[in-house]
Engineer: 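Please read through the structure below; I'll follow up with questions.
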Amino acid sequence: MSRLISLLDESRPLVMGILNVTPDSFSDGGQFLSPSAALQQVDRMIQGGADIIDVGGESTRPGAQDVSPEVEMERVLPVIKGIREQSDICISVDTSTPEVMLGTADMDVDMINDVRALRRDGAMMAASETGLPVCLVHMKGNPLTMQMEPHYENLLQEINDFFLERIGACNKAGISRNRILLDPGFGFGKTPEHNLRLINKLASFREHGLPLLVGLSRKSTIARITDDQLMGSVAGALLAIAGGVKIVRVHDVAETVSALKVSSAVRTESLEEKI
Ligand code: 7PJ
């Protein structure tokens, strides 16, 4: 826990590298299913300057079906074990599954990243029991249906109300504020216009006083804007950081880190790499 907390205390933005250990993820599905391919990718991301590795064994792309806890465990456990054998980098576990939260908690992981914001049966209690920090992601609906004409009366307010409700539920279950990060959920039950609005108005999510995380890397809204997914994703990451986000979740770590060095240099008006 302290490893992540001390990272969050640094004044610079953080880069979370995505490791999808799934056969069907949106942009890198199937590439890292074998533990050795996955560990090579982790190595690349660490060399590229990743602060956190986000390991996920359940696809949450639009239309994705749930997988069993057993399958999810079989995918993520060997990879987490392998990462820990070679590195003490922060690991976040991208899961909504209580069994996976509990099963990975004693493997020296640093955070639970849950796109369902601990709403799956048993997830809240499991997350509480781990003592780990949690990232609560806003999602309207579920992955199977979320992109079917999502509608909001007031997008920003509904997301903030959701955050308040989930923070309250966490507090009740024994997860205190200092263990919570928030993510407005780019692509989770949102049209492209909704996604663009939430990036344009990120400041409105800062009222909770909690660190913000955003993932827009290679998502379809970016692809609708530009054919160049890499440049589009890096530009999006820069804009998210400029909007006050603490952590960007990305596929292309080295490229994002390079771009963020420029924004850090401007922010500190210095060529020295400051923390
Ligand atoms: C996100 C995530 C995100 C957080 C995924 C994909 C879909 N976790 N897991 N935020 N997206 N916190 O990467 O295309 O946006 S899976």
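Since the model is a prediction, treat every value here as computed from it, not as a measurement. Atoms within a ligand are numbered from 1 in the order they appear, just like the ligands themselves.
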Engineer: With respect to Asp183, determine whether any N or O atom, backbone or side chain, lies less than 3.5 Å from an N or O atom of ligand 1.
Structural biologist: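 It does: an N or O of Asp183 is found under 3.5 Å from an N or O of ligand 1.
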Engineer: So which bit of Asp54 gets within less than 4.0 Å of ligand 1, heavy atoms only: side chain, backbone, both or neither?
Structural biologist: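 It is neither; nothing of Asp54 touches ligand 1.
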Engineer: Considering only heavy atoms of Phe188, which atoms of ligand 1 have at least one such atom less than 4.0 Å away?
Structural biologist: 1 (C), 3 (C), 5 (C), 11 (N), 15 (O)
Engineer: Below 4.0 angstrom, N of the basic side chain to O of the carboxylate: do Asp106 and Arg84 qualify?
Structural biologist: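 No.
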Engineer: Of the backbone atoms (N, CA, C, O) and the side-chain heavy atoms from C-beta on, which set of Asn20 has a member under 4.0 Å from an atom of ligand 1: side chain, backbone, both, or neither?
Structural biologist: neither
Engineer: Under 3.5 Å, is there a donor-acceptor pair between the Thr97 and Arg120 side chains?
Structural biologist: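 Present: a donor and an acceptor within the cut-off.
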Engineer: Do Asp9 and Ser6 have side-chain N/O donor and acceptor atoms under 3.5 Å apart?
Structural biologist: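 No, Ser6 and Asp9 have no side-chain donor paired with an acceptor closer than 3.5 Å.
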Engineer: When you check the side-chain N and O atoms of Arg44 and Gln41, is any donor under 3.5 Å from an acceptor?
Structural biologist: yes
Engineer: Return yes if a side-chain donor-acceptor contact under 3.5 Å exists between Glu58 and Ser96, otherwise no.
Structural biologist: no
Engineer: So for ligand 1, is Ser217 a polar contact partner (N or O within less than 3.5 Å, distance only)?
Structural biologist: no
Engineer: Which atoms from ligand 1 have a heavy atom of Asn113 less than 4.0 Å away?
Structural biologist: 4 (C), 8 (N), 12 (N)
Engineer: Tell me the nearest of Met139, Lys219, Arg218 to atom 15 (O) of ligand 1, using heavy-atom distances.
Structural biologist: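 Nearest heavy atom to atom 15 (O) of ligand 1 lies in Lys219.
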Engineer: Using a 3.5 Å distance criterion without hydrogens, assess whether the side chain of Asn195 forms a donor-acceptor pair with backbone atoms of Gly187.
Structural biologist: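 Such a contact is found between Asn195 side chain and Gly187 backbone.
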Engineer: Does Gly215, backbone or side chain, put an N or O under 3.5 Å from an N or O of ligand 1?
Structural biologist: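 Right, the criterion is met.
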Engineer: Counting heavy atoms only, which part of Val214 comes closer than 4.0 Å to ligand 1: side chain, backbone, both or neither?
Structural biologist: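 Neither; no heavy atom under 4.0 Å.
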